[in-house]
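A short write-up of the structure that comes next.
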Amino acid sequence: MTSHGEAHAEVNQRRPVVEKRQPRAPLRLPERRQLETSHDAHSCAREPLTSASAQEGQSVAAVSESCRQLTKGELFLQSEPRPNAPPLPACLRSERRLYFDTAQHQLYQAACALLKRTGDRLGTFPAGSSVTPLEDFQPTVDVFRSFKARQILYRAVAEDASFLEAYEQLVCSVVLPYLKGMLEAHERDCPSVAGHAAFADESIAGGGYHVAVSCRAAGSFSSPKRFFYQFPPSVRVQPGPRDHFGRRHRDAEYGHQEGEINFWMPLTAHVLTRTCLWVESTPGAHDFHPLDIPYGCIAAFHGTLCQHFVPPNSTSYTRVSLDFRVGVDSYFDPSWQFKSAKAQHGRKEMSL
């Protein structure tokens with residue numbers, strides 16, 4: 001099955017491939033935890049761009065230049081019939097952030113175990129330590145750009161029962177209750193969910209919101225809602241230093257519906273990789289901003305229509321992230337298919 005989104009990486013042909021990864025001492029887990037703590041995983045405020053993140057921002061123009069012409073997917077989209085579903089409510093199209101308990105949902109540890117179980121098919125961790133930070137994973141194949149390597153990773157994820165269990169626990173206990181709460185608020189014609197027991201809203205740059213989620217509110221929900229979540233999810237591995245980037249796109253050109261919401265979360269520390277997903281706040285705004293969030297945070301955005309991309313990873317660390325999409329209740333048409341797509345993500349249905 002063809003992987004897409006962030007994994008559709010391209011090489012900037014105007015630049016030579018960057019030099020090989022420079023040797024360095026492996027990062028120790030206490031050092032990584034200290035770096036994550038300094039990033040303040042529970043802060044609601046956006047940090048100003050540092051010199052390193054500003055350097056990342058310089059890639060925006062270069063990536064944008066590569067996307068002036070319509071892709072085949074966009075051209076096919078113009079002639080395809082549309083899904084039989086009403087428009088997604090505006091409250092669900094806004095960019096938002098969710099936080100989860102990393103002690104309860106150990107996606108980081110599950111990803112480390114996943115990559116270790118691939119053996120030498122994708123890469124290795126430095127020798128001499130049984131527990132190694134994910135940022136030190138050393139790919140032996142071009143897992144970010146090569147279709148063959150991405151297929152190896154896709155199959156590894158699809159066959160890893162432990163990783164999939166951790167993923168589904170996160171989706172079913174954090175993401176879906178959040179979505180149902182938003183739908184309930186919308187149905188009550190409530191402009192804000194600030195008074196709901198599960199949510200605390202705060203505006204951020206780019207017109208989105210910060211949302212802290214508590215699972216205890218799930219019991220207060222009323223009518224059941226149907227959700228269609230991606231299964232298996234997409235795991236992205238981007239080694240550095242490389243000039244490879246994920247081209248700017250919107251997911252509609254790959255057959256995703258407007259009734260779907262994108263969820264993206266880093267598994268590695270942005271303070272180390274200095275690389276993350278960049279998105280625009282609204283369709284066609286081109287006001288790209290980085291989702292420089294820490295592990296333990298999930299960014300929700302309307303990636304079907306909002307363009308997004310990943311700049312090159314210029315560091316000696318490997319960036320790993322997880323993303324998936326959720327079709328929302330009656331706003332998603334499960335019978336619709338994008339006939340021009342070579343393949344589409346699998347999905348599971350759940351009522352909540």
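From T275, atom OG1 reaches atom CD of Q238 across 5.5 Å, with rounding to the nearest 0.5 Å. Distance check, rounded to the nearest 0.5 Å: CD1 of I298 to CG of L170 gives 4.5 Å.
Under the 3.5 Å distance criterion, the side-chain polar atoms of T318 are matched with a main-chain donor or acceptor of F137. Between the side chain of E280 and the backbone N or O of Q307 there is at least one donor-acceptor pair closer than 3.5 Å. No side-chain donor-acceptor contact under 3.5 Å links K225 to the backbone of V328. In this structure, R319 contributes its side chain and E135 its backbone to no donor-acceptor pair below 3.5 Å. Checking side-chain atoms of H186 against main-chain N and O of E184 turns up no donor-acceptor pair under 3.5 Å. Using modelled atom types, one side-chain atom of T140 and one backbone atom of L122 make a donor-acceptor pair closer than 3.5 Å. A donor-acceptor contact shorter than 3.5 Å is absent between the side chain of S351 and the backbone of P224. In this structure, T315 contributes its side chain and N313 its backbone to no donor-acceptor pair below 3.5 Å.
Under the rule for a side-chain contact (heavy atoms from CB on, under 4.5 Å), the partners of D101 that lie at least two apart in sequence or sit in another chain are A103, Q104. Residues forming a ring-ring contact (aromatic ring centres under 6.0 Å, His included) with Y229 (at least two apart in sequence, or on another chain): none. Residues meeting the salt bridge (charged side-chain N to carboxylate O under 4.0 Å, His left out) test with R226, sequence neighbours left out: E349. Under the side-chain contact (heavy atoms from CB on, under 4.5 Å) criterion, S146 pairs with D142, K148, A149, sequence neighbours left out. Judged as a side chain to side chain donor-acceptor pair (under 3.5 Å), and not counting sequence neighbours, the contacts of S335 are D333. Under the side-chain contact (heavy atoms from CB on, under 4.5 Å) criterion, P232 pairs with Y154, V157, A158, L164, not counting sequence neighbours. Q106 meets the side-chain contact (heavy atoms from CB on, under 4.5 Å) test with Q109; sequence neighbours excluded. Every residue was checked against the side chain to side chain donor-acceptor pair (under 3.5 Å) condition with Q257, not counting sequence neighbours, and none meets it. For F163, the ring-ring contact (aromatic ring centres under 6.0 Å, His included) criterion is met by no residue, not counting sequence neighbours.
For the pair R93/C306, no side-chain contact is recorded, criterion being any heavy-atom separation below 4.5 Å from C-beta on. Contact check for P126 versus Q138: side-chain heavy atoms found under the 4.5 Å cut-off. Two residues are said to be in side-chain contact when any heavy atoms from C-beta on lie closer than 4.5 Å; V326 and E260 fail this criterion. Y331 is listed as a side-chain neighbour of P86, based on a closest heavy-atom distance under 4.5 Å.
Hydrophobic clustering (ILVMFWY, side-chain heavy atoms < 4.5 Å, transitive): I261 and F228 are in distinct clusters. Linking ILVMFWY side-chain heavy atoms closer than 4.5 Å, directly or via other members, places F231 and F227 in a single hydrophobic cluster. Cluster membership check: M265 shares its hydrophobic cluster with V174, using side-chain heavy-atom separations under 4.5 Å among Ile, Leu, Val, Met, Phe, Trp and Tyr. Residues F332 and L92 are members of separate hydrophobic clusters, defined by side-chain heavy-atom contacts under 4.5 angstrom among Ile, Leu, Val, Met, Phe, Trp and Tyr. In the hydrophobic clustering of ILVMFWY residues, with side-chain heavy atoms under 4.5 Å counting as a link, L267 and L98 come out together.
The residue from W278, F288, F301 that alone fulfils the ring pair (Phe, Tyr, Trp, His ring centres under 6.0 Å) condition with H308 is F301.
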Next item on the list: Apply side chain to side chain contact (heavy atoms under 4.5 Å, CB included) to H249 and F309, showing your working.
Entry: CA-CA 7 Å; H249 68 282; F309 70 91; 5.6 Å; no
Check: Can you check ring pair (Phe, Tyr, Trp, His ring centres under 6.0 Å) on Y254 and H345, steps first, answer last?
Finding: CA-CA 10 Å; Y254 297 111; H345 285 301; 9.3 Å; no
Next item on the list: Might you work through the side-chain hydrogen bond (donor to acceptor under 3.5 Å, both in side chains) test for D323 and N262, ending with a clear yes or no?
Entry: CA-CA 7 Å; D323 63 87; N262 291 51; over 6 Å; no
Next item on the list: Go through the steps for F125 and L134 under the test side chain to side chain contact (heavy atoms under 4.5 Å, CB included), then give the verdict.
Entry: CA-CA 8 Å; F125 286 94; L134 198 54; 4.1 Å; yes
Margin query: Pair R347, Q230 - check side-chain hydrogen bond (donor to acceptor under 3.5 Å, both in side chains), show working.
Written below: CA-CA 4 Å; R347 59 176 177 260; Q230 180 181 328; over 6 Å; no
Next item on the list: Could you give me the CA-CA distance, side-chain angles and deciding distance for R155 and I152, then say whether side chain to side chain contact (heavy atoms under 4.5 Å, CB included) is met?
Entry: CA-CA 5 Å; R155 288 191 294 269; I152 294 174; 3.8 Å; yes
Check: What do the steps show when you test V279 against H289 for side chain to side chain contact (heavy atoms under 4.5 Å, CB included), and what is the final call?
Finding: CA-CA 6 Å; V279 302; H289 58 279; 3.6 Å; yes
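Y108 and Y295 have tilted rings, their planes meeting at an angle from 30° to 60° on a 0 to 90° scale. Ring-plane geometry between F324 and Y167 is classed as perpendicular, the angle between the planes exceeding 60 degrees on a 0 to 90 degree scale with a lower cut at 30.
Under the 3.5 Å distance criterion, with hydrogens and angles disregarded, a donor-acceptor pair is assigned to the side chains of D287 and S281. Side-chain N/O atoms of E95 and H302 include no donor and acceptor closer than 3.5 Å.
Taking a 4.5 Å side-chain heavy-atom cut-off between Ile, Leu, Val, Met, Phe, Trp and Tyr, the cluster of L305 contains only that residue.
Annotation: salt bridge (charged side-chain N to carboxylate O under 4.0 Å, His left out) contacts involving residues 166-176, sequence neighbours excluded, comprise E168-K348. A salt bridge (charged side-chain N to carboxylate O under 4.0 Å, His left out) check over residues 156-167, counting only residues at least two apart or in different chains, returns the pairs R117-D160.
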